[in-house]
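Predicted model only: the values in this text are computed from it and were never measured.
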Amino acid sequence: MKYRPLGQTGLEVSVLSFGASSLGSVFRDVPEDEGVRTVHTALDLGVNLIDCSPYYGLTRAETVLGKALRSVPRDRYYLATKCGRYGATPADCDYSAARVVQSVEESLHRLGVEHLDILQVHDIEFADIGQIINETVPALHKLKQQGKTRFVGITGLPLRLFRQVIQQVEVDTVLSYCHYQLNDTGLEDLLPFLREHGVGVINASPLGMGLLSTRGTPDWHPAPAAVKHACARAAMACAACNMPIEKLAVQFACAHPQIPTTLVGTANPDNLRRNVRWIEEPIDLNLLAEVRQELVPVHNVTWTQGRPENN
């Protein structure tokens, strides 16, 4: 496993990190013992950053993760979780300082730890950005001063919001998803700004939440039809070369030297072993070029979510 520095945090994180949303049975029903085995497998393979949220499985993911970490020394992993978003709709979000404080205490209890390594505001596009800047992030900094978390971060889909927030308030990390993958590399344009401000980057969803999949895009996926069709054609091009598109996608996402780590979400130990093996193998540059050419018509085409004014 390779490791890279996460901004100016001093953390050396594995290039492949573990996205614990899968432990909440958000993609399929995951038996608790299988989820626990997957966490232990990740750690044994050298993965040292685990990302979770009370939103995932409506607290189930944090609960299962806490059980998995019970027998693991605290210095073997970096633990990140989130606050602010607790359900699928805007009505389920609460970015107030009071709820942040309460949320962190609940997460620490579920996770069975005394402190977090990274506490992140979850999906800032669902909030009033003024509140994020003036209330939510300052509340996280107070928790940092109290030793509840070592670092403070923000997460979201619209890339422009990261710039807007970071220009006005200090954060240590950003978590961006679906913006550094085979069909969308929008995150790359933001990297110089983030580096200038010393912000560490966590890339998530290298498969585009199922866009880049041999199984095909799930019906609920918010991407435009043109994106889904192009990604399906790219998957067929990979299949013609006897390579799953998932392998190419994970290799591509983890190869960028200025993106410290990429989250993969799986609750299957064998899938996790496969992902780790993939990033240790050389990437097929000819196939990569062919697939990226197939995706040119939809390059950086994304979708919206959250408040209209934030998109």
Side-chain angles (χ1 to χ4, degrees), residues 1-20 42 46-53 74-84 100 104 113 115-125 129 132-133 136-181 184-206 252-264 279:
M1 181 67 69
K2 295 179 181 178
Y3 301 85
R4 296 180 183 137
L6 184 62
Q8 295 181 355
T9 63
L11 306 183
E12 293 281 333
V13 292
S14 49
V15 297
L16 195 71
S17 46
F18 182 71
V47 172
N48 70 353
L49 174 61
I50 303 171
D51 175 80
C52 201
S53 170
R74 184 64 179 87
D75 61 0
R76 282 194 65 195
Y77 59 88
Y78 300 128
L79 182 59
T81 196
K82 307 181 185 77
C83 59
V100 164
V104 170
V113 296
H115 76 276
L116 303 166
D117 293 290
I118 308 173
L119 174 60
Q120 306 159 104
V121 186
H122 199 172
D123 286 347
I124 58 176
E125 64 269 26
I129 297 303
I132 296 296
I133 293 167
T136 317
V137 173
L140 268 60
H141 278 291
K142 286 184 181 179
L143 290 166
K144 181 178 178 179
Q145 293 168 1
Q146 295 167 12
K148 300 292 185 179
T149 186
R150 297 171 65 191
F151 303 103
V152 167
I154 53 177
T155 84
L157 180 68
L159 290 170
R160 72 172 187 84
L161 295 182
F162 292 143
R163 189 184 298 270
Q164 181 179 348
V165 172
I166 291 167
Q167 286 173 332
Q168 299 184 67
V169 67
E170 181 181 346
V171 301
D172 301 303
T173 65
V174 299
L175 186 157
S176 169
Y177 64 98
C178 293
H179 285 306
Y180 192 76
Q181 56 194 48
D184 189 326
T185 57
L187 176 61
E188 200 166 32
D189 295 335
L190 192 63
L191 293 179
F193 171 84
L194 297 174
R195 187 166 59 251
E196 177 187 346
H197 287 78
V199 176
V201 181
I202 300 169
N203 178 44
S205 299
F252 175 75
C254 291
H256 199 298
Q258 294 175 20
I259 295 178
T261 189
T262 293
L263 289 170
V264 293
I279 65 170

Between the main-chain N or O of Asn48 and the side-chain N or O of Ser14, is there a donor-acceptor pair closer than 3.5 Å?
yes
Can you sort out the partners of His256 under ring pair (Phe, Tyr, Trp, His ring centres under 6.0 Å), two or more places apart, ordered by chain and number?
Tyr180
Can you find a heavy atom in the side chain of Phe162 that is under 4.5 Å from one in the side chain of Val199?
no
Mind checking the CG-NZ spacing from Leu116 to Lys82? Nearest 0.5 Å is all I need.
11.5 Å
Does the pair Leu175 and Leu263 meet the rule for a side chain to side chain contact (heavy atoms under 4.5 Å, CB included), with working shown?
CA-CA 9 Å; Leu175 186 157; Leu263 289 170; 3.6 Å; yes
Could you tell me whether a side-chain N or O of Gln120 sits under 3.5 Å from a main-chain N or O of Ala80, the two making a donor and an acceptor?
no
Chi angles and distances behind the side chain to side chain contact (heavy atoms under 4.5 Å, CB included) call for His141, Lys144
CA-CA 5 Å; His141 278 291; Lys144 181 178 178 179; 4.2 Å; yes
If you round to the nearest 0.5 Å, how far is OH of Tyr78 from CD of Glu12?
7.5 Å
Criterion side chain to side chain contact (heavy atoms under 4.5 Å, CB included) on Val201 and Arg195, from CA distance to verdict:
CA-CA 9 Å; Val201 181; Arg195 187 166 59 251; over 6 Å; no
Ring pair (Phe, Tyr, Trp, His ring centres under 6.0 Å) filter on His197, not counting sequence neighbours, yields Phe193
Of all heavy-atom pairs linking Leu190 and Leu159, the shortest is CD2-O, 4.0 Å
Could you tell me which non-hydrogen atom of Val47 sits nearest to which non-hydrogen atom of Ser17, and how far apart they are?
CG1-CA, 3.8 Å
One thing to verify: whether Asp117 and Arg74 come together as a salt bridge, which I'm taking to mean a side-chain N less than 4.0 angstrom from a carboxylate O.
yes
Can you find a pair of side-chain heavy atoms, one from Val174 and one from Ile166, that are under 4.5 Å apart?
yes
The reported gap from CG in Leu6 to CD1 in Ile259 (rounded to nearest 0.5 angstrom) is 12.0 Å
Which pair of non-hydrogen atoms, one from Ile129 and one from Ile124, has the smallest distance, and what is that distance?
CD1-O, 3.5 Å
Could you state the interatomic distance from CD (Gln258) to CG (Asn203), rounded to the nearest 0.5 Å?
13.0 Å
Do the side chain of Thr149 and the main chain of Leu119 share a donor and acceptor less than 3.5 angstrom apart?
yes
With a 4.5 Å limit on heavy-atom distance, are the side chains of Lys142 and Val152 in contact?
no
Smallest heavy-atom separation, Ser53 atom then His122 atom, equals OG-ND1, 3.0 Å
Flag the pair Tyr77 / Val113 as yes when at least one side-chain heavy-atom distance between them is below 4.5 Å, and no otherwise.
yes
Between Ala20 and Cys52, the two heavy atoms sitting closest are CB-SG, 3.9 Å
To the nearest 0.5 Å, tell me how far Ile132 CD1 sits from Gln168 CD.
12.0 Å
What's the shortest heavy-atom distance between Asp123 and Gly156, and which atoms?
OD1-CA, 3.8 Å
Is the backbone N or O of Asp184 less than 3.5 Å from a side-chain atom of His179, with the two atoms forming a donor-acceptor pair by type?
no
Kindly compute the distance separating CG (Leu140) from CD (Glu170), expressed to the nearest 0.5 Å.
12.0 Å
For Tyr3 and Gly46, indicate whether the former's side chain and the latter's backbone hold a donor-acceptor pair under 3.5 Å.
yes
Check: Ile202 and Leu49 side chains under 4.5 Å, non-hydrogen atoms:
yes
Tell me, do Val15 and Arg4 make a side-chain contact under 4.5 Å, heavy atoms counted?
yes
Evaluate the side-chain proximity of Asp172 to Ile118: yes if any heavy-atom separation is below 4.5 Å, no if none is.
no
